[in-house]
Amino acid sequence: MGYKTLCFGFSCILFAYCFYSPIPENIEEPWKVRYVDTLIKLASHMATLLENIGLMKYERIFSTVTSLFITQAVSDENITVIDTDFSNIPVRLYLPKRKSERKRPAVIVIHGGIFVFGSCKVTDHDILNRLTSNKLGAVVVGIEYRLAPEYPFPAALEDCVQVTKFFLQENILAKYRVDPSRVCIMGDSSGGTLAAAVTQLLRDDPEFKNRIKAQALIYPGLQLIDTSLPSHREYEHGPILHREMMIKVASLYVSRDSSLIQALLRNEHMPEESRHLFKFVNWSHFLPEKYKKSHVYTEPVLGKLNVSYPALMDTRLFPLLVNDSRLQNLPLTYILTCEHDLLRDDSFIYIARLKNVGVQVIHDHLEEGFHGALSFTTGSVALQLGCKIRNKYIHWLEENL
Ligand SMILES: *[C@@H]1O[C@H](CO)[C@@H](O)[C@H](O)[C@H]1NC(C)=O
Ligand SMILES: *[C@@H]1O[C@H](CO)[C@@H](O)[C@H](O)[C@H]1NC(C)=O
Ligand SMILES: *[C@@H]1O[C@H](CO)[C@@H](O)[C@H](O)[C@H]1NC(C)=O
Ligand SMILES: *[C@@H]1O[C@H](CO)[C@@H](O)[C@H](O)[C@H]1NC(C)=O
């Protein structure tokens, strides 16, 4: 039996194994979703294999794939697109060409990628930002923040805060003809984590209080102190975002220490002195009854990890950990959640807590939705769901910004 036959056989088994894994019934375009999900699982298996034989770090495969989708800054008949720096941090700007009497709204966009990969320049974000700029006549700022593990926490957040503060200066807003009362900040997935944290920090800064009109969070991750919420349990195997992959990659934002990954997977990573934080993420208290199902709340096991990671208790990493007084007076908030998403409950808890303190929240929930779909809106793997999410978000902006 030849080498090729062996390889072919191996591929068939792997594909069969991946395709066998069931996806939720109400998902549209099931075969396309299975295909994308399979590719991601294969990439993850491959990355584990390559890491085990010492050829390549697990996370490299994801950043390599990202780099294939980087676009150039190309202007078109409606928009001038430029790559520049704000306060030494690279940004991509989308500036409408159309003359307008009124000053323009603006959207600051923070891309996802579990803090380790992604770019504001990848195809799907480029399309999203063009569309936003076109539909709203808005200035759009994509932030090319630093990534882990080269730049761990709080590098990404610091870059996003710095760009936002730079852009909000009176003379800069005036330069781009932006209306200071119409600035929104948006992020998807880990970009949503960063957007929520930036919004909280600006709210606490006397100079920047009330300068953001709205925040838009698309299936954001908002905590990792409890990795056993009902949505973590139900959607451990995806589609698209898998618990083990997410934890392996996300932990790199905190540390390269692999014992942290194991502890996170077991939900035994938090220290004794973090006990007071669990009331902020207690799903048994905040989750709507419908989503609790038969899940039983278990108190987390604390103090098992003998290494201390202060980042894990830092509200700048996990926006859900701030107390109620720091949630008060946050700006108008749009949150889009997907049912089949292991990060779903983070948002449900945040929404409940924001509403409790009187923050105005608009919530779109897609019963047929799953995590990451906004990154599949073009090319052979374009998903109807991705376009639906994009359109819902842009429609909300048109009505509210
Ligand atoms: C430019 O704007 C017009 C009017 O909104 C639209 O029909 C056209 O498709 C836009 N062009 C591009 C390249 O997006
Ligand atoms: C979580 O909520 C449940 C029920 O609301 C309560 O019994 C439990 O003590 C809470 N645990 C923490 C750590 O807040
Ligand atoms: C942490 O615990 C492990 C075993 O559980 C031990 O091998 C290691 O030396 C400990 N590290 C520190 C810094 O105490
Ligand atoms: C909330 O947190 C802030 C800072 O993190 C602290 O100054 C304040 O006292 C806290 N408020 C309450 C009610 O615990």
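Remember, it's 1-based here, ligands and their atoms both numbered in the order they're listed. Position 1 is the first residue of the sequence; numbering continues from there.
For the pair Ile247 and Arg243, the minimum side-chain heavy-atom distance is below 4.5 Å.
Minimum interatomic distance between Phe278 and Pro300 (heavy atoms only, all atoms of both residues): CE2-CG, 3.3 Å. The shortest non-hydrogen separation linking Lys392 to Leu366 is CE-CD2, 3.4 Å.
Outside the 6.0 Å centre-distance limit, the rings of Phe348 and Phe286 are not counted as a close aromatic pair. Side-chain rings of Tyr334 and His363 stay apart, their centers remaining 6.0 Å or farther from each other.
In this structure, the side chain of Glu59 does not engage the main chain of Pro149 through any donor-acceptor pair within 3.5 Å.
Residue-level proximity to ligand 2 for Arg275 is absent, since no heavy atom of it falls below 4.0 angstrom.
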Report each N/O pair between ligand 1 and the protein that falls under 3.5 Å, naming both atoms.
{"residue": "ligand 1", "atom": "2 (O)", "partner": "Asn78", "partner atom": "OD1", "Å": "3.1"}
{"residue": "ligand 1", "atom": "2 (O)", "partner": "Asn78", "partner atom": "ND2", "Å": "2.4"}
{"residue": "ligand 1", "atom": "11 (N)", "partner": "Asn78", "partner atom": "ND2", "Å": "2.8"}
{"residue": "ligand 1", "atom": "14 (O)", "partner": "Asn134", "partner atom": "ND2", "Å": "3.4"}

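Set against the non-hydrogen atoms of Glu299, the atoms of ligand 2 under 4.0 Å away are 9 (O), 11 (N), 13 (C). Residue Ser284 has at least one heavy-atom neighbour below 4.0 Å for each of these atoms of ligand 2: 2 (O), 3 (C), 4 (C), 5 (O).
Just one residue in the list Val281, Asp346, Leu312, Leu277 forms a side-chain contact (heavy atoms from CB on, under 4.5 Å) with Phe318, and that residue is Leu312.
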